[in-house]
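Every heavy atom of this structure was used, including side-chain atoms; hydrogens, water molecules and symmetry mates were not. Residue numbers begin at 1 in each chain, while the letters A, B, ... track the order of the sequences.
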2 protein chains.
Amino acid sequence: MANTKNKLSASLEDYLEAIFNLASDSDIARSKDIAETLSVSKASVTGALRALKDKELVNYKPYGFVTLTKAGKTTAAKIVRKHNVLKSFLADILGIETRIAQQAACKAEHTLGPEVITKLLRFIDFVTKENRNGYNLTGKFKKFCEKK
Amino acid sequence: MANTKNKLSASLEDYLEAIFNLASDSDIARSKDIAETLSVSKASVTGALRALKDKELVNYKPYGFVTLTKAGKTTAAKIVRKHNVLKSFLADILGIETRIAQQAACKAEHTLGPEVITKLLRFIDFVTKENRNGYNLTGKFKKFCEKK
DNA sequence: TTGAAAAGTTAGGCTGAACTAACTATATTA
DNA sequence: TAATATAGTTAGTTCAGCCTAACTTTTCAA
């Protein structure tokens with residue numbers, strides 16, 4: 001019963017996401033890299049790892065490697081999915097510059113609930129379908145933005 | 001030179017927005033009402049008012065009325081505009097239930113920058129125009145969501 | 001016009017999230 | 001393999017935001 005609470009703070013979500021991304025190739029994440037990714041001190045990372053371990057989302061021992069638990073992977077994947085849906089909407093449909101879309105997704109991903117993300121994903125699918133069916137929505141919107 | 005910093009925290013933005021809305025009819029906002037609106041203690045409101053006064057966004061004296069300064073009005077109006085654009089997108093285009101759209105807008109309004117809001121507004125205009133021109137995008141999306 | 005209720009403030013405490021500085025453990029390489 | 005560089009931890013601090021409890025000020029009605 002180590003798990004203190006189920007809801008993650010925006011900050012802890014960021015850590016989890018960073019670990020997920022860092023571990024995507026090597027399977028493990030190093031403290032130092034997490035710190036660099038999030039522009040945070042190593043001491044802050046240690047603190048976050050303890051909190052995440054407490055919630056049973058990471059396997060962590062002082063001076064040891066960090067890996068995600070099963071639950072950690074699931075949670076992280078959800079966050080990453082949110083991020084990608086958002087970014088895709090902002091960049092591909094609204095036509096916002098990649099870098100800005102990326103940044104915006106990073107922040108908003110913590111605030112938007114499942115209803116919004118689901119609908120957004122559905123909307124992306126819809127637009128894709130419309131584009132395929134000859135009604136070039138994205139193109140039209142782009143034109144609309146350019147004039148005036 | 002009371003202004004300590006220019007960037008507002010999400011929390012202070014919430015206070016400013018609440019004051020703006022409360023003052024929209026009576027021109028003044030009472031501490032108690034701010035507290036109720038934000039579900040926060042009266043003591044927290046006092047703290048926030050001091051911070052906002054420090055940034056020269058509200059006129060505030062202990063035990064006195066609260067009004068927005070010129071700068072406060074401008075800033076608050078921006079926040080409210082963000083909120084409305086977001087809510088309109090979520091509710092009118094994505095078809096998300098009003099209450100949920102409202103809540104989501106409350107949170108996301110603090111994280112999205114001007115580029116996103118501008119584009120979103122443009123997108124709403126675009127969809128409105130398309131709807132008027134006979135291509136019922138919103139309706140089509142609604143249908144698309146229903147089937148499957 | 002005064003005294004009780006309502007509104008607001010102050011004091012003090014808690015938590016989360018960050019920091020620095022100093023320490024410890026691990027890894028590397030001469 | 002020992003010394004040094006790198007990585008990670010611990011201790012202690014700060015700050016924002018919130019809280020409660022106790023106090024002060026203002027308002028209003030008998």
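Nearest nucleotide to the side chain of B:T46, out of C:dT9, C:dA18, D:dC18: C:dT9. The listed nucleotides are C:dC19, C:dA18, D:dG17; the one nearest the side chain of A:S11 is C:dA18. Out of D:dT9, D:dG17, D:dC19, the shortest distance to the side chain of B:S44 is found at D:dC19. Which of C:dA11, D:dC18, D:dT9 sits closest to the side chain of A:S31 comes down to D:dT9.
A:V40 comes within 4.0 angstrom of the backbone, heavy atoms only, and of no base. No contact: A:F65 has no heavy atom under 4.0 Å from any strand. Counting any heavy atom pair closer than 4.0 Å across all strands shown, A:K42 reaches a base atom. A:A43 comes within contact range of at least one nucleobase, with a heavy-atom separation under 4.0 Å.
For B:F20 and B:Y15, the ring centers sit 6.0 Å or farther from each other.
More than 12 heavy atoms of other residues, nucleotides or ligands shown are found within 6.0 angstrom of NZ on B:K129. Annotation: A:K142, atom NZ; neighbour count of heavy atoms from other residues, nucleotides and ligands within 6.0 Å does not exceed 12.
Remark: the A:Y63 side chain and the C:dT24 base include a donor-acceptor N/O pair separated by less than 3.5 Å.
In terms of phosphate contacts, B:R50 brings a side-chain nitrogen or oxygen within less than 4.0 Å of OP1 or OP2 of C:dT10. Contact between the side-chain N/O atoms of A:S41 and the OP1/OP2 oxygens of C:dC19 is found at a separation under 4.0 Å. Between A:Y15 and C:dA18 there is a side-chain polar atom (N or O) within less than 4.0 angstrom of OP1 or OP2.
Rounded to an integer number of Å, the gap from CD of B:E13 to P of D:dA16 is 16 Å. For the pair B:H110 NE2 and D:dA16 P, the computed distance is 18 Å after rounding to whole Å. The nearest whole Å value for the distance from the CG atom in A:L49 to the P atom in D:dT9 is 7 Å. The nearest whole Å value for the distance from the NZ atom in B:K61 to the P atom in D:dT26 is 12 Å. The CD1 atom of A:I19 sits 12 Å away from the P atom of D:dG8 (whole-angstrom rounding). Rounded to a whole Å, the OH atom of A:Y60 is 10 Å from the C1' atom of D:dT10. When the P atom of D:dA16 is taken as reference, atom CG of B:L12 falls 9 Å away, rounded to whole Å. In this structure, A:K32 atom NZ and C:dT26 atom C1' are separated by 15 Å, rounded to whole Å.
For the pairing with A:H110, the side-chain hydrogen bond (donor to acceptor under 3.5 Å, both in side chains) check across A:E13, A:K82, A:H83, A:E17 returns one residue only, A:E13.
Place B:R30 and A:A10 on DNA chain C by their nearest nucleotides, and B:R30 ends up nearer the 5' end.
Taking the ring axis of B:F144 as reference, the NZ or CZ atom of A:R122 stays within 45° of it and closer than 6.0 Å to the ring centre.
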Chi angles and distances behind the side-chain hydrogen bond (donor to acceptor under 3.5 Å, both in side chains) call for A:T138, A:N131:
CA-CA 7 Å; A:T138 346; A:N131 280 345; 2.6 Å; yes
